[in-house]
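Encoded as structure tokens, the structure appears first; notes follow it.
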Protein chains: 2
Amino acid sequence: MAAQRHYEDLARQLSAIGAVKRGLGRGLPHDCPGGSAAVLILLDRHGEMRMSRLAELLAVDMSVTSRHVAHVAEKEWILREPDPADKRSRILRLTPAGQTKVNELSELSIRTLTHYLHDWSDDEVVQLSTLLARLRDSFGDCRAASARLPFEETTRTPA
Amino acid sequence: MAAQRHYEDLARQLSAIGAVKRGLGRGLPHDCPGGSAAVLILLDRHGEMRMSRLAELLAVDMSVTSRHVAHVAEKEWILREPDPADKRSRILRLTPAGQTKVNELSELSIRTLTHYLHDWSDDEVVQLSTLLARLRDSFGDCRAASARLPFEETTRTPA
DNA sequence: TATTGTTATACTCTATAACTATA
DNA sequence: TATAGTTATAGAGTATAACAATA
């Protein structure tokens, strides 16, 4: 358990990190906004999956996932195939064009980070990645309808 | 200079960290959205300042800053006083009510992080804070109109 | 009845551009 | 002319709720 002051610091740093995300976002191709990029990258990383699984990985509501997926499907970067085991479901899969886009995105993020982090050591980059992964993990599934905080009553109305 | 593969990992983790930010955001008071909270916290942290300086610290365009500031001013959490040295400028300062709000925000972030990161050590929290600060620093002022990447021509149109 | 996914609607955050007042 | 700040407008991301189809 860390000291309160350190939690405060971390909260401030997390709030400020949006600037970096926006900086990375500005490097994206004009036809592939952040939401689309995230869908493609997760499908590349984890292989084909259903909408609900993707929503979980994106950590957003399924309605949001549906919109992003509709966009990349329209670009023909993914296919939405019927799930033989459950007719309500759809299986999402990258197309060859989608794979090409993923490669492009990958190269872009490498170029951008190489530019900004040229003076970081290998170790530092890995350390930050690792801590961010752990942070994400500690928060678990903190989507609106999923996890509730233990002191909800004093904050945003639960509905 | 880190290996390309590590940059890719970091890009993925950064993209996923939005979930944590949203989780923290859901704990905010209903009358104080993220933009307002950021303004208050920076004024508390750095003391009174001009709009342009605040925009720089927020790492957003001044038009955005102006909107957030107008909101917190309407709540009477800050004052916008004329700058005697430059009549175009305004000096922003927390009111006592604003200070109270800052304290409330601080307590909220501590409660939320204590809840989610209960099994993190002091050292780990500090390490993550430090790396995030360094990351932000390495990106410098990467706002849209400020910094330009060296390979712009293949990405979003420069204008 | 419950679950998967879609759509409509609303809210927050951000950027660009046009504008004003002052330097 | 250039700069500080405001406002109007547009675009991206997200959440809630209502809905259709299937389990």
Side-chain angles (χ1 to χ4, degrees), chain A residues 15 18-19 21-26 28-39 49-56 58-74 80-92 142-147 156-159, chain B residues 15-26 28 30-39 49-56 58-74 80-92 142-147 156-159:
Chain A
S15 143
K21 289 200 65 179
R22 289 193 297 279
L24 282 172
R26 266 189 281 278
L28 291 173
H30 62 287
D31 60 349
C32 184
S36 301
V39 167
M49 64 182 81
R50 315 201 318 173
M51 292 287 306
S52 51
R53 166 74 173 140
L54 180 57
E56 194 183 309
L58 288 170
V60 296
D61 191 84
M62 194 146 64
S63 64
V64 176
T65 307
S66 187
R67 256 191 26 157
H68 291 321
V69 163
H71 182 246
V72 295
E74 196 180 320
R80 287 186 281 194
E81 298 181 336
D83 180 347
D86 185 341
K87 286 182 187 167
R88 294 171 302 180
S89 234
R90 306 229 238 175
I91 307 287
L92 311 174
C142 61
R143 287 177 295 173
S146 312
R156 283 183 189 282
T157 44
Chain B
S15 143
I17 216 58
V20 172
K21 288 201 65 179
R22 288 194 296 279
L24 283 172
R26 267 188 281 277
L28 290 174
H30 61 287
D31 61 349
C32 185
S36 301
V39 167
M49 64 181 81
R50 315 203 315 176
M51 292 285 308
S52 51
R53 166 75 172 140
L54 180 59
E56 192 183 309
L58 287 169
V60 297
D61 191 85
M62 194 148 63
S63 65
V64 178
T65 307
S66 185
R67 254 192 30 155
H68 291 323
V69 163
H71 183 246
V72 295
E74 197 180 323
R80 289 185 279 193
E81 299 182 334
D83 181 347
D86 185 338
K87 287 182 185 164
R88 295 170 303 181
S89 232
R90 305 232 237 174
I91 307 287
L92 311 175
C142 60
R143 287 177 294 175
S146 312
R156 283 183 191 283
T157 43

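If you're wondering where the values come from, they're calculated on a predicted model, not measured in any experiment. In what follows, every heavy atom counts, from backbone to side chain, and hydrogens, waters and symmetry copies are set aside. Throughout, a chain's letter reflects where its sequence line sits, starting with A, and its residues are numbered from 1.
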_Nucleotide C/dT3, atom C1' - distance to CZ of A/Arg90 in whole Å_ = 16 Å
*Could you state the atom-to-atom distance from CG of B/Asp83 to P of D/dG5 in whole Å?*
8 Å
_At 4.0 Å (heavy atoms only), tell me whether A/Met62 reaches a base, stays on the sugar-phosphate, or touches nothing._
base
*Could you check how far CD of A/Glu74 sits from P of C/dT7, rounded to whole Å?*
11 Å
*Quick check: does any side chain N or O of A/Arg22 sit under 3.5 Å from a backbone N or O of B/Ala59, one acting as donor and the other as acceptor?*
yes
*Taking all non-hydrogen atoms of both residues, which atom of B/Ile91 and which atom of B/Pro82 are closest, and how far apart?*
CG1-O, 4.3 Å
*Between A/Arg143 (side chain) and A/Val60 (backbone), is there a donor-acceptor pair under 3.5 Å?*
yes
*Short side-chain N/O contact to C/dA15 OP1/OP2 from A/Arg26, under 4.0 Å*: yes
_Expressed as a whole number of angstroms, how long is the span from B/Glu56:CD to D/dA4:P?_
11 Å
_Return the CZ to CG distance between B/Arg53 and B/Leu58, rounded to the nearest 0.5 Å._
10.5 Å
*Rounded to the nearest 0.5 Å, how far apart are OG of B/Ser15 and NZ of A/Lys21?*
5.5 Å
_Minimum-distance pair of heavy atoms, taken over all atoms of B/Arg50 and B/Asp86_ = NH1-OD2, 4.0 Å
*May I have the distance from B/Met51 (atom CE) to D/dT7 (atom P), rounded to whole angstrom?*
10 Å
*Scan residues 63-71 of chain B against DNA chain D and write down, sorted by residue number, each residue with any heavy atom closer than 4.0 Å; if none is found, say none.*
B/Ser63, B/Ser66
Which protein N or O atoms sit under 3.5 Å from an N or O of nucleotides 20-23 of chain C?
{"residue": "C/dA23", "atom": "OP1", "partner": "B/Lys87", "partner atom": "N", "Å": "2.9"}

*Pick the nucleotide of DNA chain C nearest each of A/Ile91 and B/Ala59; which residue has the one closer to the 5' end?*
A/Ile91
*Nearest-Å distance, CG (B/Leu24) to C1' (D/dT14)?*
16 Å
*What is the distance from CG of A/Asp61 to C1' of C/dC11, rounded to the nearest Å?*
15 Å
Donor-acceptor contacts, no H, no angles, side chain residues 62-70 of chain B, under 3.5 Å, sequence neighbours left out:
{"residue": "B/Ser63", "atom": "OG", "partner": "B/Asp61", "partner atom": "OD2", "Å": "2.8"}
{"residue": "B/Thr65", "atom": "OG1", "partner": "B/Asp61", "partner atom": "O", "Å": "3.2"}

*How close do B/Leu28 and B/Ala37 get, heavy atom to heavy atom, and via which atoms?*
CD2-CB, 4.4 Å
*Under 4.0 Å between any heavy atoms, over every strand shown, what does A/Arg80 touch: base, sugar-phosphate, or nothing? Just pick one.*
sugar-phosphate
_Whole-Å gap separating P (D/dA15) and CG (B/Leu28)_ = 14 Å
*If only side-chain N and O atoms of B/Ser89 are considered, is one of them under 4.0 Å from the OP1 or OP2 phosphate oxygen of D/dG5?*
yes
*Specify the closest pair of heavy atoms between A/Asp83 and A/Ala85, including all atoms of both residues, with the distance to one decimal.*
OD1-N, 2.8 Å
